[in-house]
Amino acid sequence: MSQRFNALSADARWQRVWDERRTFAADDHSNKPKSYVLEMFPYPSGRIHMGHVRNYTMGDVLARFRRMNGMEVLHPMGWDAFGMPAENAAMEKGVHPGGWTRDNIATMKAQLKRLGFALDWTREFATCDPEYYGHEQALFLKFYEAGLVYRRESAVNWDPVDMTVLANEQVIDGRGWRSGALVEKRKLNQWFLKITAFAEDLLSGLGELKDWPEKVRLMQENWIGKSQGLTFRFALNDAAGTNEGVVEVYTTRPDTIFGASFVAVAADHPIAQAIAANDAAVQAFIEDCKRGGTTAAELETQEKKGFDTGLTATHPFDPFQQLPVYIANFVLMDYGVGAVFGVPAHDQRDFEFATKYQLPIRRVVSDGAKDAPEFDDAEAYTGPGILVNSHFLDGMDVEDAKREVITRAEAGGWGEGTTVFRLRDWGISRQRYWGTPIPIMHCDGCGAVPVPTAQLPVKLPEDVSFAIPGNPLDRHPTWKHVDCPSCGKPAVRETDTLDTFADSSWYFIRFASQPDDKPFDKAVAEQWLPVGQYIGGVEHAILHLLYARFWTRALQHIGMLDVAEPFAGLFTQGMVTHETYKSSDGRWLSPGEIENGIEVSTGQPVTVGRIEKMSKSKKNTIDPEPIVDQYGADAVRWFMLSDSPPERDLEWSENGIEGAWRFIQRLWRLVGDQGGGDAGEDIALRKVAHRTVKGVAEAIEGLQFNKAVALIYTLANAVEKAQPSGDRDAALATLLRIVAPMVPHLAEEVWAARGGEGLIADVAWPAVDQAMLVDDEVTIAVQVNGKLRDTLLMPKGVAKDVAEAQALASEKVIRVLEGKAPKKVIVVPDRLVNIVA
RNA sequence: GCGGGUGUGGCGGAAUUGGUAGACGCAGCGGACUCAAAAUCCGCCUCUGGCAACAGAUUGUCGGUUCGAGUCCGACCACCCGUACCA
């Protein structure tokens, strides 16, 4: 074997062999135990970035490891190919979104191939393939039949200059990103999926996902946001005291009802709308509420504004107390019933509102220190406590008081205890071209009519223009004009397309089974599902993962698939980061524009900024492809796995990849060594080898690749230092196998050179001899008052009193004790002795 | 604003889940080999004081529980992710 590992030739050779032999094509009919390893499929943005490399390397190591452990592994790849960037490219460069996307896919596929991932490319598809989105349309119609789809008005960001809907991302500081116009909310009729029908199931299902990160389950739980509260009605009166009907409110704090000082309704609440009909001032205020975008962060942080309607609401427990009714910009029509009562002393938002409009602030829950009705603290008290100034509730704790108010409201017939979820139905309408057409037609006579299944897929027209803003489907001359399948009269197609989250809500099912005539085959898909290990960025912790969970449950609900949870195991990996650089005049600079701290083009010194996520805007990206050219796939893979724990950020560094490359070469020299055939024993080395095998296996299964790497270094170090022996030869053979999932090209090359049979990709993971894992000696720490003073080498399992006696006999201990008698001695077997003096 | 997370040497991190803090790697320093360099190999490497033995300090900050805290509890600080039309 040559002195150096020639990565470039080895990479190409083995990638070709794996391709030709279809080594990683999963067999639906295998009788081996099945394992589905999946990484979140990429959006074809142009080129592979380091985040992809890291994500797919992790999944690849696990997939290869499971193959070596006798499993039939499904490890597929495809493309999340619909989305806004393709339309942006179309507008900026005059290309077709489809062509742009296809080109990107070709580039990125070639780049992925060069990293030697053990992927089943036979199952590849892109979500923009009509074969895929046609089946998605079929699923949409199944959901429609099952009553899980409906249409209603909902607000979008509206750019009044470009006359177009903007994504939240396209609103910058309240203005449209192209026109610069102030964005406003506008209501459109849009399609929704009834995810709230599954709120309870999606919540309780989290309990079964024990192989999900706790943080993701928590985030989803809070997102679904189940709360118990009271829905009740205030009698509504005008200024003259005449009854004007009722206003219904929802609250999670019925206990604080005696602290109420106002009622607030949303700007689009029917009461607000009714008053506005003949009051210009109210109308103006409601118009004012429409300013700005639709994001929660914007709504929550904007200035709290209210408009006093002049109406009052009668307190249900006190007919003499009248609460002013406001229209407020912070009340959302989408949550609860679109109206709340304000308790300034015990809700921070209400507190700010009351302060601004000089409404009473009355304490009704004691914080333990104060209980007078006058409230003079700087902020609301929202903690637990005992009710005060609340008539019959006085003396109760918060929970008891909630129950008491609900009981009385129900008895009095003016309210009921209700469960409300924060989760809102999934708005799936997008006023855009590059997405799955929603397979509905609108007929004047018949209303919304589903496209007949035989007419699927509803394909996107190719001849579209992006010269002007707005949805090209809407202004296409012919595409939307059809005959109603029900009555035959002229009708129009729905021109909204589906949210791309719909595409990614079932792609993992299509990977498992992809017949031509239906979205998937139930029995085949169920063989693979749920996905055993799903890996991707934590930024998807809520939306994508919740939508996919919902979609799967909806399929189960309509009997198409008997799987409740799509992803049994989830792992969220960290980002790849890099230093940022700025020129002397404040421009971002890419690493390539700098040499030795000097900007090459100007000769000016460069400022090194913070380490941040690689992004085009900060110019701190490193293109993986030239790195692979220079160092080979294995070095890149090794670097991606080393050092940083996978769930944390990984800082890309030149030193890091250099170090990985050096280790690859060292490994090559080491495992390339044929060994001397020496029969001698080296029990210590044998122990290290077996421990390493066990430790690496556990680390890979636990996706703790940095630990696996550290263990492999330890074994490599031990083998290098060892004298020739049969155990050394065995350790080398072991080392080769355990690095195979991480550096597969090098491993195949050595395996072949050493005359190994077949591919190392198909070889079994080494067996562990349990006897090699036990130690007969242990090092015991000796502490005085918890401070380490000495260590003792003792036989494993030594009796407590022996350990104690030896510890007390230690010279160092005697010196520290200075003749004082120990008060107490704590002995932890095989671990430590702590002398309390 | 709200929800979630992270914080340990010069750097990335490890720590048997309450029991010897700093494994392993990177960088650095010293040495070997070489005419020289690269590569490789050997050694040192948390900080402070000390020639050393050794002593003291140290896991974002402050406080608490415990024989013993990186790990548990409370308060705070900084940064990151998400916030429903970016994917």
Side-chain angles (χ1 to χ4, degrees), chain A residues 3-4 40 42-43 45 80 82-85 156-157 165-171 190 195 213-223 225 293-302 304 330 334 348-349 352 422-432 499-501 504 537-544 546-547 572 574-575 577 610 612-613 642-645 647-651 653 655-656 658-660 662-663 665-666 669 704 706-707 709-714 716-717 720 779-791 812 823-826 828 831-837:
Chain A
Q3 281 299 103
R4 279 205 158 186
M40 291 177 185
Y43 177 78
S45 55
D80 187 13
F82 277 136
M84 261 192 344
V156 294
N157 302 307
V165 176
L166 297 177
N168 287 334
E169 192 187 53
Q170 298 171 316
V171 179
Q190 309 200 69
I195 188 170
E214 178 66 30
K215 64 175 174 184
V216 176
R217 284 184 290 168
L218 247 182
M219 281 189 263
Q220 292 216 353
E221 186 181 325
N222 291 332
W223 185 261
T294 57
T295 69
E298 195 180 338
L299 293 173
E300 290 279 342
T301 52
Q302 72 187 345
K304 310 287 179 284
F330 60 84
D334 287 333
Q348 186 57 26
R349 199 179 50 188
E352 286 165 22
R422 203 188 76 100
L423 181 69
R424 305 201 300 261
D425 275 335
W426 177 11
I428 47 171
S429 280
R430 295 294 180 273
Q431 296 70 40
R432 277 194 264 285
D499 179 5
T500 58
F501 275 124
S504 53
V538 71
E539 67 273 19
H540 295 293
I542 295 174
L543 294 181
H544 161 58
L546 193 63
Y547 292 143
T572 55
M575 300 174 299
T577 60
R610 312 170 11 147
E612 300 205 50
K613 178 183 179 171
S642 306
D643 291 351
S644 284
E647 70 277 12
R648 278 206 227 157
D649 291 351
L650 169 70
E651 191 199 338
S653 74
N655 283 331
E658 289 277 352
R662 277 201 299 275
F663 181 72
Q665 294 301 335
R666 184 175 154 214
R669 289 190 298 272
Q704 299 173 304
N706 57 322
K707 291 193 201 172
V709 164
L711 285 165
I712 287 167
Y713 272 115
T714 311
N717 291 345
E720 265 182 349
T779 306
I780 291 183
V782 180
Q783 300 178 334
V784 176
N785 294 330
K787 207 172 180 62
L788 183 73
R789 294 298 174 181
D790 203 357
T791 58
K812 289 169 183 169
K823 288 186 196 134
K824 189 174 170 187
V825 179
I826 285 143
V828 181
R831 195 145 298 262
L832 65 67
V833 178
N834 187 16
I835 297 156
V836 187

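We use all heavy atoms of the structure for the numbers below, so side chains are in, but hydrogens, waters and symmetry mates are not. Reminder, nothing fancy here: chain letters follow the sequence lines and each chain counts from 1. On a predicted model such as this, the values are computed, not experimentally measured, just so you know.
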Checklist entry - Along nucleotides 12-17 of chain B, 5' to 3', which nucleotides get a B, which get an S, and which get a -, given that the test is a protein heavy-atom distance under 4.0 Å? => result BSSSB-

Item to check | Distance in angstrom units between A/L546 CG and B/G4 P, rounded | outcome: 16 Å

Item to check | Whole-Å gap separating C1' (B/G1) and NZ (A/K304) | outcome: 6 Å

Next on the checklist: Between P on B/A27 and CD on A/E658, what's the gap in Å once rounded to a whole number?
Outcome noted: 8 Å

Checklist entry - Salt bridge check: are A/R217 and A/E214 linked by an N-O gap of less than 4.0 Å? => result yes

Next on the checklist: Using atom C1' in both nucleotides, what's the gap between B/G63 and B/A69 to the nearest angstrom?
Outcome noted: 14 Å

Checklist entry - Checking all strands, does A/T779 fall into the base, sugar-phosphate, or nothing category for heavy-atom contacts under 4.0 angstrom? => result base

Checklist entry - Going from OG1 on A/T500 to CZ on A/R430, what distance comes out if it is rounded to the nearest 0.5 angstrom? => result 7.5 Å

Checklist entry - About how many Å separate CD1 of A/I826 and CD1 of A/I835, when rounded to the nearest 0.5 Å? => result 10.5 Å

Checklist entry - Short question: side chain of A/Q220, backbone of A/A541 - any donor-acceptor pair under 3.5 Å? => result yes

Checklist entry - So, does A/D790 use its side chain to make a donor-acceptor pair with the main chain of A/V782 at under 3.5 Å? => result no

Item to check | Syn/anti state for B/U17 [syn: chi within 90° of 0] | outcome: syn

Checklist entry - Backbone N or O of A/S642 within a donor-acceptor pair of the A/N706 side chain at under 3.5 Å? => result no

Checklist outcome for this item: Whole-Å distance, A/Q220 CD to B/G5 C1', equals 15 Å

Checklist outcome for this item: Between A/I780 and A/R666, whichever has its closest RNA chain B nucleotide further toward 5' is A/I780

Next on the checklist: Between P on B/C24 and CG on A/N717, what's the gap in Å once rounded to a whole number?
Outcome noted: 7 Å

Checklist outcome for this item: In this structure, CG of A/L788 is separated from CG of A/N834 (nearest 0.5 Å) by 10.0 Å

Item to check | Integer angstrom distance from the C1' of B/A57 to that of B/G50 | outcome: 15 Å

Next on the checklist: Applying side-chain hydrogen bond (donor to acceptor under 3.5 Å, both in side chains), can you list everything that pairs with A/W223, at least two apart in sequence or on another chain?
Outcome noted: none

Next on the checklist: Can you check the distance between B/A15 and B/C67, where both ends of the measurement are the P atom (answer in whole Å)?
Outcome noted: 28 Å

Checklist outcome for this item: Across all chains, not counting sequence neighbours, the ring pair (Phe, Tyr, Trp, His ring centres under 6.0 Å) partners of A/F501 are A/Y547

Checklist entry - With sequence neighbours left out, what residues match A/S429 under side-chain contact (heavy atoms from CB on, under 4.5 Å)? => result A/Q190, A/W191, A/Q431, A/I438, A/D496

Item to check | Atom-to-atom span, CE of A/M575 to P of B/U6 - whole angstrom | outcome: 14 Å

Checklist entry - By side-chain contact (heavy atoms from CB on, under 4.5 Å), which residues pair with A/T295, not counting sequence neighbours? => result A/N168, A/A297, A/E298

Checklist entry - Taking only Watson-Crick and G-U wobble pairs with both distances under 3.5 Å, what dot-bracket line describes RNA chain B, where [ ] shows pairs that cross earlier ones and | shows pairs with another strand? => result (((((((..(((......[....))).(((((.......))))).((((....))))..(((((..]....))))))))))))....

Item to check | Set of side-chain contact (heavy atoms from CB on, under 4.5 Å) partners for A/K787, sequence neighbours left out | outcome: A/R789

Next on the checklist: I want to check one thing: is the phosphate of B/A57, taken as OP1 and OP2, less than 4.0 Å away from some side-chain N or O of A/K787?
Outcome noted: yes

Checklist entry - Looking at residues at least two apart in the chain, or sitting in another chain, which of them share a ring pair (Phe, Tyr, Trp, His ring centres under 6.0 Å) with A/F663? => result A/W638, A/Y713

Checklist entry - Nearest of B/U20, B/C24, B/C54 to any side-chain atom of A/A710? => result B/C24

Checklist entry - If you measure from the P atom in B/G49 to the same atom in B/G5, how many Å do you get, rounded? => result 41 Å

Checklist entry - Would B/G9 be called syn or anti, given that syn covers angles within 90° of 0? => result syn

Item to check | Under the side-chain hydrogen bond (donor to acceptor under 3.5 Å, both in side chains) test, residues paired with A/E651 that sit two or more places apart | outcome: none

Item to check | Position toward the 5' end of RNA chain B (nearest nucleotide), A/I835 or A/L788 | outcome: A/L788

Item to check | Whole-Å C1' distance, B/U65 and B/C73 | outcome: 7 Å

Checklist entry - With sequence neighbours excluded, what pairs up with A/E539 under the side-chain contact (heavy atoms from CB on, under 4.5 Å) test? => result none

Checklist outcome for this item: Going 5' to 3' through nucleotides 82-87 of chain B and flagging B where a protein heavy-atom sits under 4.0 Å of the base, S where only the sugar-phosphate is that close, and - otherwise, we get SBBBBB

Next on the checklist: Using atom P in both nucleotides, what's the gap between B/A32 and B/A38 to the nearest angstrom?
Outcome noted: 14 Å

Next on the checklist: Between C1' on B/G28 and CG on A/N655, what's the gap in Å once rounded to a whole number?
Outcome noted: 11 Å

Next on the checklist: Could you measure the distance from the CE atom of A/M575 to the CZ atom of A/R648? Nearest 0.5 Å is fine.
Outcome noted: 13.0 Å

Checklist entry - Roughly how far apart, to the nearest Å, are B/A14 and B/U71 at atom P? => result 16 Å

Report all interatomic pairs (protein N or O, nucleotide N or O of nucleotides 68-74 of chain B) with separations under 3.5 Å.
none

Item to check | Rounded C1' spacing from B/G18 to B/C72 in Å | outcome: 8 Å

Next on the checklist: Output the rounded distance in Å from CZ (A/R789) to C1' (B/G19).
Outcome noted: 17 Å

